[in-house]
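See below for the structure under consideration.
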Amino acid sequence: MLAAVDISPREAEVLELVGAHLSNAEIAARLCISVRTVESHVSSLLRKLDVPDRRALAQRAPEPAAGAAPSRPAPVLPSLLTSFIGRVNERAELAEMMKTHRQVTAAGPGGVGKTRLALAVAAHAAGDYSDGVWFVDLVPVTDPGMVATAVAGALGLGEQPGRDMTESVVAALADRHALLVLDNCEQVADGVALFLERLLAACPRVTVLATSRARLMVPFERVYPVPPLSLPADGGSDAVTLFMERAAAVGWPLDPALRDQIAAICERLDGMALAIELAAARYPTLGLDGITAALSHPLRMLTGGSRADQRHRSVRAALDWSHALLEPADRALLRRVSVFAAPFTAAAAAEVTGDDEGLVTDGLARLAEQSLLVVSASPGGTEYRALETIRQYGTERLTEAGELADIRSRHLRWCLAKAAGLAVVRENWRAGFDLVANDLRAALAWAADQPERRAEAYELARNLAGLTFTRNLVGESQRRHEQAAALAEDPGSAAPALRHAAVVAGCRMRGDDMFRLGRAAADAARRSGDTAGAAADLAAAATATFRFATTFVRLPAPEEVLALIAEARELAGDDPAAQAAVATAEAGWTLHSAVTAGQAPGDAGGGPVPGDAVGDGQGEPGDSVPETIARAERAVELTHRTGDPLAESTALDVLTGALSWAGDTYAAAATTRRRITLLTSAPDTPATTHELIEALGEAAEAGLGTGDLPAARRWARQLAEHPLLVEVGHRATNWLLVADALAGNVDEVLAGSVRFLDAWHRAGSPAQSYLGRAMAAVAMVHGLRDDHDGRREWREALDRLGPLPGHAYGYGAIFDAMLLLHRGQAAEALERMAPEPRQVWKWVTWIWHHWYVALRTEAAVLAGSPGARDCLAEARTIVAGNPVAGAIVERAAALLDGDEQALLATAGAFEAAGCRYQSARTMVLAGGDHTGRGAAVLADLGLAPMAPRR
C-alpha cells in the first residue's frame with residue numbers, strides 16, 4: 001500500500017501522472033518543473049516502491065475516484081507558521097480584481113500585511129489555475145537582472161541554451177494557465193517591470209499577483225491598496241483578534257473583557273499587522289498597561305503628514321520600543337544578522353558576528369520569541385530569518401552603530417569561505433549552494449562597490465561563476481565571469497575570466513558572445529604582455545565562427561576571420577600552444593572554405609551536435625582533400641604535444657570533419673572515439689563540458705555511420721541525459737531518436753518524441769535544419785505503425801523547417817525508402833533513391849552513405865532491376881565492415897540468389913548488431929514458417945505487418 005511508503009506530495013503528483021501514462025516531458029510541463037526534476041522523482045519512486053521499471057510504477061499509481069475532477073498541481077506556497085486573521089472583505093476584493101486583471105499589485109507600506117493577504121488569496125484561488133500557483137520571494141534578490149532567475153528557481157526551470165533566463169521562463173509558461181505570486185518587488189522594481197512586460201505579453205493565460213510598497217508601472221497592472229487591519233469603534237476588529245491570538249499563542253490568553261484596551265493599543269498602531277504582532281509578543285513581560293506606556297512616548301511624535309506616512313512610522317515606532325526593550329547583546333545580534341539576505345543558521349550567525357555559537361543560539365531564540373525573527377526547520381537544521389521590514393531596520397541600526405563595514409566584511413569573508421568549500425564538496429551540493437546563493441550574491445554586490453574590497457569581490461565573482469555553472473545557471477555564470485574580469489586588478493587576471501566567459505557563452509549557444517569575449521580575452525592578454533595567450537584567444541575566436549556557426553546571430557565576415565587568424569599567427573611566435581591553436585584555426589578554415597564552396601544554397605549544415613560540425617556540408621572532392629587532411633593532422637600533432645586535451649579535441653574535431661568530407665567513414669569514426677576518450681579523462685570544467693556535448697553528438701553520428709548501433713545509442717543517451725541540455729529536449733534527444741528509429745526501438749522513439757516535440761514547441765518551433773533528421777525518423781516510425789495521423793503531424797513539423805537538401809537526398813531518402821520497402825513498394829523505394837550514390841555523395845557521405853547504398857541495393861533487388869547484381873558488387877565494397885549495412889546487402893544478395901540459408905544468417909547478424917526490426921524483416925522476407933515468427937516480433941515492436949513480398 002502507498003500509505004506505508006514515505007512519498008512526498010510532489011512524488012505523489014508525479015506518480016499519478018505516470019499512472020496516466022504521461023511522459024517525463026509531459027509531466028514536467030503539467031507541473032511546471034524541469035524534466036530533470038521529474039526524472040529524479042521517478043527514480044526515487046522506483047526505489048521506494050521497489051519496482052523494476054516505469055510500467056510497473058504506473059500500475060502502482062492510485063486509481064482516480066469515479067467522477068473525480070482532473071487533478072491539479074498543488075499550490076507551491078510557503079506554509080504560514082501562524083494563523084491568518086480576518087480580512088474577509090480585502091480577500092474578496094483582491095480575488096475579484098484578479099479575475100478581471102492579469103496583473104494585480106497589492107501595494108502598501110511595510111508591515112501592513114501584504115504578503116499574508118496575497119498568500120491567503122492565492123491559496124484560495126489555486127483551484128482556478130489548472131497549471132498551478134507559484135510563489136517567488138524576491139527579498140533575497142539584490143540585482144534587478146536576477147528576477148527571472150528567482151522565478152525560474154521557484155518553478156524548477158533551468159535556462160535553455162540559446163535563450164536568456166527570461167526567455168526560458170516565458171517559453172515554459174507560454175501556454176500555461178497559472179498564477180505567479182511575486183512577493184516584495186520594491187527593491188528590484190525595475191527588474192520586475194521588465195520581466196513582467198515580456199512575460200505577460202507572451203503568456204496570455206498567466207496571472208501575476210505582486211506585492212510591493214509602490215506600484216510597478218507596467219502594462220496590464222491594476223493596483224490594490226492594502227489597508228490596515230480593521231479598527232471598528234466597538235473593538236470587534238481583525239486587529240484586536242490578531243493581538244489576542246498572538247498573545248494566546250505564547251501561552252497568555254486574554255480575557256475578552258480587555259478587548260477595548262487592546263483596541264486602543266491597536267488604534268495607536270494604526271492597525272499595522274507587524275506592529276501589532278510585535279506588541280503582542282511583549283504582552284507576557286509588559287502586560288497591556290506596560291505596552292500602552294511604552295507606545296505612548298514614541299507615538300506622540302506621529303503628528304502631521306499623510307496617513308500612509310503615519311503607518312510607516314507606526315511600524316517604526318513599534319520596532320523602536322521593541323528594540324529598546326532588548327538586552328544590549330540581543331540588540332547587537334539583531335542588527336548584525338540583518339546582513340543575511342536569506343535564512344541563516346546559528347552557526348552562520350556566530351561566524352559573522354564573531355560571538356560564541358551557544359550565546360548566539362540563545363540570543364536568536366529570544367529574538368524569535370519577540371517576533372523579531374521567524375524560525376523554521378530545514379534539512380540543514382534550524383533556520384532564522386528577519387522579515388524584510390525588520391531586516392531594513394536592523395541595517396539602519398548597524399549603520400548608526402558604525403558597524404556596517406565591519407559586519408559586511410565579516411559576512412563577505414564567510415561567503416568566500418562558503419564558496420570555496422562548495423567548490424570541493426559534492427555531497428548534498430545543490431542544497432548547500434541554494435542555501436547560501438543569495439548571500440553570496442548580496443555580498444558580491446556590496447563588495448563590488450567598495451574599492452578596498454576589490455580583490456575579494458574578484459575572488460567571489462570568480463567562485464560564484466563556477467558554482468552557478470555547476471548549478472546550470474549558465475547565464476549567470478557568464479555574467480559572473482565577465483564581472484570578475486571587470487573587477488580584476490590587472491589585465492593578466494582579466495584574461496582568464498574572459499576566456500571562461502567565452503566558453504560558457506558557447507555552452508549557452510551564444511556564438512556572438514563567444515566571439516566577442518574571445519577577442520576581449522585576447523586584448524586583455526596582449527595588454528598584460530602575454531602575446532602567446534592573445535594569439536591562442538584570437539585563434540579560438542576565429543575557430544568558433546565555423547565550428548559553431550549556427551549559434552551566431554551575425555556571423556563575422558570572412559575577411560574579419562582571416563584577419564584574426566593572420567594576427568594570431570603573427571603573435572604566436574615560437575610558443576607551442578599558440579602555434580597549435582593557429583594551426584587548428586588554419587586547418588579548420590581551409591576545410592570550411594572547401595565545404596562551403598560546394599555547399600548547396602540554403603543548406604545550413606547539420607553537424608554532430610545541432611549543425612555545428614565543420615564537416616557537415618560536403619563540397620566536391622578534389623586536390624584540396626589531401627592538403628586539408630594533412631593540415632588537420634598537423635594541428636592534432638601540435639596540440640597533442642601541448643598536453644592540453646581541450647586544444648587537442650578541437651583539432652580532432654577539425655580532422656573528423658576533413659575525413660568525413662573526404663568520405664573516409666571509418667577513419668572519421670575512429671577519430672571521434674579518440675576524442676571522446678580524451679575528453680572523458682579531462683578535468684571537469686565548462687570548456688570540457690562544451691567540447692564533450694559537441695563530441696557526444698559526433699560520436700553518436702559516428703556509430704550510426706559505421707553501423708555500430710549500440711555505441712550510437714550509448715553516446716546519444718549520454719547526450720540526452722546531459723544536465724545542460726535538460727531544458728532543450730529537442731536538441732538533447734535528436735540523435736537518440738534517429739538511433740532508436742534505425743534500430744527499430746519503437747517504444748523509445750514514441751516516448752522520446754514527446755519530449756522532443758514539447759521542447760521544440762516551447763522553444764518557439766525554431767526552423768533549425770539539424771532537427772530534420774529526427775523529425776523524419778519519427779515520421780517513419782509512425783508510418784511503420786500505420787499511424788497516419790502521427791506521421792502527418794511529424795511531416796508537417798518537418799515542412800516547417802523549409803526545404804532541406806539533406807532531407808531530399810540524405811536521411812529523408814533513407815527513411816522514406818525504409819517505409820516503402822516495409823509496405824512492399826520496392827519500385828517506389830528505388831525511385832526515391834534513383835540518383836546513384838556518386839551523384840549525391842555530398843548529401844550521403846559520412847552517416848548516410850552506407851545506409852543509402854545498402855537500401856538502394858535492396859530496393860533494386862526486390863524491384864527486379866536489371867542492374868541489381870552490379871549494384872550488389874559495388875555495394876559490398878562500399879559497406880565492408882559495417883555490420884548493419886553489410887547485412888542488408890547480404891540479405892539482398894541472398895534474395896537475388898534464392899539462398900534461404902544465407903538469408904536466415906543475416907537475421908542473426910541484425911540481432912547481433914542491435915537491429916531487431918531488420919532481423920524481423922528478414923524472417924518475413926524468408927517466407928514459410930519464418931514469416932509468422934517475424935510478424936510476431938514486428939507486432940511486439942508495435943509495428944504494422946509487412947506487405948507480402950511480390
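Side-chain contact, N438 with R441: a donor N or O sits under 3.5 Å from an acceptor N or O.
Closest non-hydrogen pair, N734 versus L771, comes out as OD1-CA, 4.0 Å. When all heavy atoms of A150 and V141 are compared, the closest pair comes out as CB-CG2, 3.8 Å. Across all their heavy atoms, A118 and V181 have their closest contact at CB-CG1, 4.4 Å. Taking every heavy atom of both residues into account, L200 and V206 meet most closely at CD2-O, 3.8 Å. A pairwise comparison of heavy atoms in V778 and S753 identifies CG1-CB, 3.9 Å as the closest pair. In terms of heavy-atom proximity, L798 sits nearest to H807 at CD2-CE1, 3.3 Å.
Residues passing the salt bridge (charged side-chain N to carboxylate O under 4.0 Å, His left out) test with D183: none are found, sequence neighbours excluded. For Y224, the ring pair (Phe, Tyr, Trp, His ring centres under 6.0 Å) test picks out no residue, with sequence neighbours left out. Residues satisfying the salt bridge (charged side-chain N to carboxylate O under 4.0 Å, His left out) test with R471, not counting sequence neighbours, are D434. For R205, the salt bridge (charged side-chain N to carboxylate O under 4.0 Å, His left out) test picks out no residue, with sequence neighbours left out. Under the salt bridge (charged side-chain N to carboxylate O under 4.0 Å, His left out) criterion, R391 pairs with E388, not counting sequence neighbours.
Counting only distance, with no hydrogens or angles, the side chain of D787 and the backbone of G790 share a donor-acceptor pair below 3.5 Å. A donor-acceptor pair under 3.5 Å is formed between the side chain of K114 and the backbone N or O of G108. The main-chain N or O of D164 is found under 3.5 Å from a side-chain atom of E167 such that the two form a donor-acceptor pair. R717 places no side-chain N or O within 3.5 Å of a backbone atom of L736 that could act as its donor or acceptor partner. Panel note: side chain Q187, backbone L138; a donor-acceptor pair is recorded below 3.5 Å. With hydrogens and angles ignored, the 3.5 Å screen pairs no side-chain donor or acceptor of S477 with any backbone N or O of L473. Panel note: side chain E221, backbone L216; a donor-acceptor pair is recorded below 3.5 Å. No side-chain donor-acceptor contact under 3.5 Å links T207 to the backbone of L179. Listed for the E186 side chain is a donor-acceptor partner under 3.5 Å among the backbone atoms of R213.
For the pair T211/V226, no side-chain contact is recorded, criterion being any heavy-atom separation below 4.5 Å from C-beta on. Inter-residue side-chain proximity for F469 and T689 is flagged as met; some heavy-atom pair is nearer than 4.5 Å. Using a 4.5 Å heavy-atom cutoff, the side chains of R87 and L94 are not in contact. When side chains are defined from C-beta on, H722 counts as touching I693, because their heavy atoms get closer than 4.5 Å. Using a 4.5 Å heavy-atom cutoff, the side chains of E793 and L757 are in contact. Under the 4.5 Å side-chain criterion, counting only non-hydrogen atoms from C-beta, V474 is not in contact with Q478. In this structure, T100 and R222 have side chains that are not in contact, with every pair of non-hydrogen atoms separated by 4.5 Å or more. At least one side-chain heavy atom of L196 sits under 4.5 Å from a side-chain heavy atom of L182.
Aromatic rings of F433 and W429 (six-membered ring for Trp) have centroids within the 6.0 Å cut-off, being under it.
Expressed to the nearest 0.5 Å, how far CZ of R508 lies from CG of L724 amounts to 10.5 Å. To the nearest 0.5 Å, the span separating NE2 on H124 from CZ on F84 amounts to 12.0 Å. Distance check, rounded to the nearest 0.5 Å: CD of E90 to CG of D238 gives 6.5 Å. In this structure, CG in L440 is found 7.0 Å from CG in L467, a value given to the nearest 0.5 Å. Separation of atoms CG (L242) and CE (M272) is listed at 12.0 Å; rounding is to 0.5 Å. Within the model, atoms CG of L15 and CG of L49 stand 6.5 Å from one another, a figure rounded to the nearest 0.5 Å.
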From CA spacing to verdict: side-chain contact (heavy atoms from CB on, under 4.5 Å), M780, L784:
CA-CA 6 Å; M780 178 196 72; L784 294 174; 4.1 Å; yes
Please step through side-chain contact (heavy atoms from CB on, under 4.5 Å) for the pair V728 and R163, ending with a clear verdict.
CA-CA 10 Å; V728 280; R163 296 177 168 215; over 6 Å; no
Hey, mind stepping through L750 and R785 against side-chain contact (heavy atoms from CB on, under 4.5 Å) and telling me if it holds?
CA-CA 11 Å; L750 297 179; R785 289 167 45 83; 3.7 Å; yes
Step by step, would you call I85 with L229 a side-chain contact (heavy atoms from CB on, under 4.5 Å)?
CA-CA 9 Å; I85 304 298; L229 293 170; 5.9 Å; no
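Using bins of under 30°, 30° to 60° and over 60° for the plane-to-plane angle, the ring pair H782/W794 lands in the parallel bin.
Here salt bridge (Lys or Arg N to Asp or Glu O under 4.0 Å) pairs that include residues 133-148, with residues two or more places apart or in two chains, are D143-R479.
Salt-bridge formation is detected for the pair R792/D789: a Lys NZ or Arg NE/NH1/NH2 atom is positioned less than 4.0 Å from an Asp or Glu carboxylate oxygen.
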